[in-house]
Structure formats: C-alpha cells, structure tokens
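What you see below is based on every heavy atom in this structure, not just the backbone, and it leaves out hydrogens, waters and symmetry mates. Please read all numbers here as calculations on a predicted model, not as lab measurements. Each ligand, and each atom within it, is numbered from 1 in the order the structure gives.
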Amino acid sequence: MLCAPINPSDINRIQGVYPVRPQPPAVGGYEGVGEVYSVGSAVTSLSPGDLVIPSPPSFGTWQTYIVKDQNVWHKIDKGVPMEYAATITVNPLTALLMLEEFVTLNSGDAIVQNGATSMVGQCVIQLAKSQGIRSINIIRDRDGVDEVKETLKNLGADKVFTESELEVKNLKSLLGDIPEPALGFNCVGGNAASLVLKFLRQGGTMVTYGGMSKKPVTVSTSAFIFKELSLRGFWLQKWLSKEKAVESRRMIDKLLGLVQDGKLKYKMELAPFSDFKTSLDKTLGKLGSQPKQVIKF
Ligand SMILES: NC(=O)c1ccc[n+]([C@@H]2O[C@H](COP(=O)([O-])OP(=O)(O)OC[C@H]3O[C@@H](n4cnc5c(N)ncnc54)[C@H](OP(=O)(O)O)[C@@H]3O)[C@@H](O)[C@H]2O)c1
C-alpha cells in the first residue's frame, strides 16, 4: 500500500460502534491505494507496478503489504495523485450518489447541506456546481470563519453560513435569488440537522449520512404534517452490496477523471506513517478542525 486515509467510519469501526466490523485482531483502514508488487501465475489482469485501489473498498488498508484476489483490485491511471486515488472510493462516491439517488435535480435547482467542510461536503459543492445546481452550505462556528467560507466559495459554494448566522426568524430572506432546496444532506445531527430541515422547500427530502455531533435528529410535528418533509438515510456500504461493483468502478473512473482535469479537489494532509498518532488525534478532533489525514506508508 502507498497511502490510505483515516475516515470517521474507520474510527467508528475501531470504537465498535459501526454495524459492520472485522473480527479482531484486525487491521484498520477501508480504502487506499497500492502498487502491485507481485502476482500469482494465474493472474492476467494485473502486473507489478500497476496502481490499484480496493473496489469496492475493503478492510485492512492500513498496512504495507496486502494479499487479496485479483477481483478486489481496480487498476487506475498512474497519473492520478496518490492521495486522491487513496480517497476516491468512500467520500467522493458518496457525494455523487447522494446527488443522483434521491431527488431528480435540474440545472437551477438548489441543495442544502451541513458539514460542508467535510470531504463529502466539498465534493457535493463541486459536483452540484458542475450540474448547474446551487448549494447552500452550513458550517460550524470557528476562528477564521471568513477563510473557510472563501475556500468553499472558491470550490463553487453559492452560500455559506455558520450555524449562529442562521439564528434568524426568516431563513428564506437569506437565500437571495437561490430557490428553496428540494434536497438536503445531513452528516452532523442536532441543531445543524434542524437548520437543513428549515431550509427545505415544501415536500423536500433530507438525507442523513453521518452523525458527527453525536446528537439526534429532531423533527417538528409541523415539518411532517404541513411541510410534508421526507427523511431518508444513505449508507455507501449498503449501496455497494447491491451488485453495484461494475457501476461503482465506472463512477470512480469518472471521479478520478474529474480530479485529473482539475475539476474535483479537496483538502488533505499527507502524513508519514511515523506521524500516525498525531494524524489520529487530528481526526479525533483533539487539535481543532483539520483537513483529512492521509497516511503515507
Ligand atoms: N453513510 C455513508 O455511506 C457515508 C459515506 C462517507 C462518509 N460518511 C460520513 O460523512 C461524514 C463526513 O465524512 P468525511 O470523511 O467527508 O469527513 P471529514 O473530511 O473527515 O471531515 C469531518 C467533518 O466533520 C465535521 N465535524 C467533526 N466533528 C464535529 C462535531 N463534533 N460536530 C459537528 N461537525 C463535526 C468537521 O467540521 P469542521 O470543519 O467544523 O471541523 C468536518 O466537516 C462522516 O460522518 C462520515 O462517517 C458516510
């Protein structure tokens, strides 16, 4: 393996709070990129030196050498920067699928999301923008908020609000010429999820795909009765288990193409394996908001 990220779900698996977990003792990590080192005599589709990613992603990417069946590995273009190859199968694919699977969006429509600084959030902004879809983005309050807003706007975000900026009576007045969104994404829960619901238009749908604040989603009775909102959930692992191997590889190649064309980017920090503990602390939020940690072996 060349490198692999630390994703929130990797932490959840180690914590034992994820619904699927490997049998211990086990190696962590779920996605990453490697170089083929050697192949068995019956292997025809891969050669030493090929750049490969496990697709669908699978357990145990935080190690130097992995032996798995050739079908596990998806060969990718050698020109892809390794930190992007290592991170494409979980978060960017989730962003792409959530934009396609729940509501039919047309150019000019809008979406709203919280956790907009996450890798999924950054991908949602760019993928939406490329389809002419406007994005309303909610972030946590923090120091240096202007810089974060600027970064997200440079990716294509139309509006970026901190949670405290949304403590107003009439959210619609903040939208300007952006239509009320039919689709919202929630990876935070608590107040940040309530704000996504408030932005949604009549009959809108909120898709929950994460719970970073560990706070529950609460919904008013009137949101169901009078606003007729729908609440859905998305889990990539479930989607991938529906015999989607071929389709997911096609989508991954599309996403990697966007990366190579400079049309998809997100913040990452490549760290040597010797700094693993610091990277883990950064992922756990012990050192404040940090970019995605990618470990280089
Ligand atoms: N359901 C699925 O299939 C699926 C697939 C992929 C990802 N996910 C989920 O999507 C979420 C984002 O993943 P990612 O890898 O894209 O994230 P990431 O790049 O690792 O970034 C973490 C994000 O979580 C936010 N955050 C951290 N602690 C928080 C807290 N206590 N309260 C509110 N926000 C907090 C961070 O905001 P700051 O910038 O403010 O620190 C940042 O936006 C995670 O919940 C992950 O499990 C789910």
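Each of N7, P8, V90, N91, T94, G115, T117, S118, M119, V120, R140, R142, C187, V188, Y209, G210, G211, M212, S213, F234, W235, L236, S289, K292 has a non-hydrogen atom positioned under 4.0 Å from some atom of ligand 1.
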Distance-only donor-acceptor hits, side chain of residues 148-156, under 3.5 Å, sequence neighbours excluded:
residue : atom : partner : partner atom : Å
K149    : NZ   : E165    : OE1          : 2.9
K149    : NZ   : E165    : OE2          : 2.8
T151    : OG1  : E147    : O            : 2.9
N154    : ND2  : E150    : O            : 3.4

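Aromatic ring orientation, F273 versus F297: tilted (interplanar angle from 30° to 60°). Taking the six-membered ring for Trp and thresholds of 30 and 60 degrees, F234 and F102 have ring planes more than 60 degrees apart, a perpendicular arrangement.
Remark: side-chain polar atoms of D158 are paired, donor with acceptor, to backbone N or O of S135 under 3.5 angstrom.
Judged purely by distance below 3.5 Å, without hydrogens or angles, the side chains of Q113 and N186 never pair a donor atom with an acceptor atom.
Pairing each heavy atom of I66 with each of G60, the nearest pair is CD1-O, 3.3 Å.
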